[in-house]
Amino acid sequence: MNSEPRELYLNLIVRDLDRTTAFFRRLGFSFESAFSNERVACMRVSDRGFVMFLVPEFFATFTSRAPADPHATTASLYAFSASGRAEVDAMVTEACAAGGDEARPPTDQGPMYSRSFYDLDGHQWEVLWMDMSAMTDAATDG
């Protein structure tokens, strides 16, 4: 098995590529122009993590199954970290202002705080902050 860190590419179907890129740019994400065109937009999440937003016709070329409707079902939850509670709140507030919807009330578990939103296509995104020092202390106490 390869023990080297791997890159992750998450592929999501979207109805309107321009609206989707504008939505996520508003949340502070950048896009890789070398891997984007009229059928796909490559959003950088980290040095090794990317979200590929694909229009339905292009998405269909990668699978023989019918795509799920994220407005009707939840097949997956997509999560990314924030630098603190304030950034979690700001990100979800901005997502809602940009046309998304809050998915559920905030979850506050002390050293972990999260909120979630539905994007323009109904995909559910979790934004979370973890106090890693408290998590490390808890692991060594147990």
Side-chain angles (χ1 to χ4, degrees), residues 2 4-142:
N2 180 358
E4 295 295 314
R6 298 178 189 268
E7 291 182 344
L8 174 68
Y9 297 89
L10 174 65
N11 296 274
L12 298 178
I13 192 169
V14 298
R15 293 173 293 179
D16 186 324
L17 203 53
D18 291 335
R19 282 189 69 217
T20 296
T21 56
F23 178 87
F24 283 97
R25 280 186 197 280
R26 188 167 168 177
L27 299 182
F29 290 97
S30 63
F31 287 79
E32 299 291 330
S33 59
F35 302 108
S36 301
N37 58 40
E38 69 281 348
R39 302 181 310 168
V40 61
C42 176
M43 182 175 81
R44 178 178 288 279
V45 178
S46 71
D47 289 343
R48 294 189 171 272
F50 305 88
V51 177
M52 308 298 289
F53 295 110
L54 293 82
V55 297
E57 300 79 21
F58 190 47
F59 186 91
T61 66
F62 293 96
T63 182
S64 60
R65 293 182 177 180
D69 178 358
H71 287 287
T73 61
T74 301
S76 297
L77 301 173
Y78 314 108
F80 54 87
S81 62
S83 61
R85 291 170 182 265
E87 187 181 18
V88 171
D89 290 336
M91 180 86 58
V92 173
T93 298
E94 191 64 27
C96 293
D101 293 304
E102 189 154 8
R104 60 181 175 76
T107 301
D108 190 344
Q109 298 175 338
M112 188 169 87
Y113 177 70
S114 66
R115 292 180 65 186
S116 63
F117 65 88
Y118 296 114
D119 69 15
L120 303 174
D121 289 282
H123 302 291
Q124 186 173 340
W125 294 86
E126 303 287 320
V127 187
L128 60 102
W129 168 78
M130 289 187 283
D131 179 351
M132 295 309 285
S133 64
M135 303 295 260
T136 303
D137 293 344
T140 57
D141 291 343

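Note that the coordinates shown come from a computational prediction; the quantities given were computed from them, not determined experimentally.
- Checking Y113 against D89 by side-chain atom types alone, a donor-acceptor pair falls below 3.5 Å.
- Scanning all heavy atoms of the two residues, the minimum distance from L120 to G100 falls at CD2-N, 4.2 Å.
- Not less than 6.0 angstrom separates the ring centroid of F53 from the ring centroid of F58.
- When every heavy atom of F35 is checked against every heavy atom of M52, the shortest pair comes out as O-CE, 4.0 Å.
- Between the side chain of E87 and the main chain of S83, a donor-acceptor pair closer than 3.5 Å is present.
- Proximity of F31 to R25: side-chain heavy atoms (C-beta onward) are separated by under 4.5 Å at one or more points.
- Taking a cutoff of 4.0 Å between a charged side-chain nitrogen and a carboxylate oxygen, R39 and E57 do not qualify as a salt bridge.
- With values rounded to the nearest 0.5 angstrom, M130 atom CE is found 7.0 Å from M112 atom CE.
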- Task: For E38 and L17, run side-chain contact (heavy atoms from CB on, under 4.5 Å): C-alpha distance rounded to whole Å, both residues' side-chain angles, the deciding distance at 0.1 Å, then the answer.
- Result: CA-CA 8 Å; E38 69 281 348; L17 203 53; 5.8 Å; no

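- Checking side-chain atoms of T63 against main-chain N and O of A60 turns up no donor-acceptor pair under 3.5 Å.
- Counting only heavy atoms from C-beta outward, the side chains of W129 and D131 approach each other to under 4.5 Å.
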F23 and D119: CA distance, side-chain angles, deciding distance, side-chain contact (heavy atoms from CB on, under 4.5 Å) verdict: CA-CA 8 Å; F23 178 87; D119 69 15; 3.8 Å; yes

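- Rounding to the nearest 0.5 Å gives a distance of 12.5 Å between CE of M91 and CZ of R26.
- Every side chain to side chain contact (heavy atoms under 4.5 Å, CB included) that T74 has, sequence neighbours left out, goes to L77, Q124.
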Please determine whether side-chain contact (heavy atoms from CB on, under 4.5 Å) holds for the pair V45 and F24, giving the CA-CA distance in whole Å, both sets of side-chain angles, and the decisive distance to 0.1 Å. CA-CA 11 Å; V45 178; F24 283 97; over 6 Å; no

(Q) One pair to check against salt bridge (charged side-chain N to carboxylate O under 4.0 Å, His left out): E126 and R104. What are the steps and the verdict? (A) CA-CA 10 Å; E126 303 287 320; R104 60 181 175 76; 2.4 Å; yes

For F29 and V51: C-alpha separation, side-chain torsions, deciding distance, then whether side-chain contact (heavy atoms from CB on, under 4.5 Å) applies. CA-CA 10 Å; F29 290 97; V51 177; over 6 Å; no

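- Counting all heavy atoms, side chain and backbone alike, P70 lies closest to H123 at CG-CE1, 3.6 Å.
- In this pair, W125 and Y78 present their aromatic rings tilted. The plane angle is within the 30 to 60° band.
- Nearest heavy atoms, V14 versus T20: CB-OG1, 3.6 Å.
- For the pair V55 and F59, the minimum side-chain heavy-atom distance is 4.5 Å or more.
- The two atoms that bring I13 and P67 nearest to each other are CD1-CB, 4.0 Å, heavy atoms only.
- Screening R19, R15, H71 for a side-chain hydrogen bond (donor to acceptor under 3.5 Å, both in side chains) with D121, the sole residue that qualifies is R15.
- In this structure, CG on L128 lies 10.0 Å from OG1 on T107, to the nearest 0.5 angstrom.
- Note: M43 CE to L10 CG = 8.5 Å, rounded to the nearest 0.5 Å.
- Summarising the geometry of A41 relative to S36, their closest heavy-atom pair is CA-OG, 3.4 Å, with the distance given to 0.1 Å.
- Using a 4.5 Å heavy-atom threshold, the side chains of R48 and R6 count as separate.
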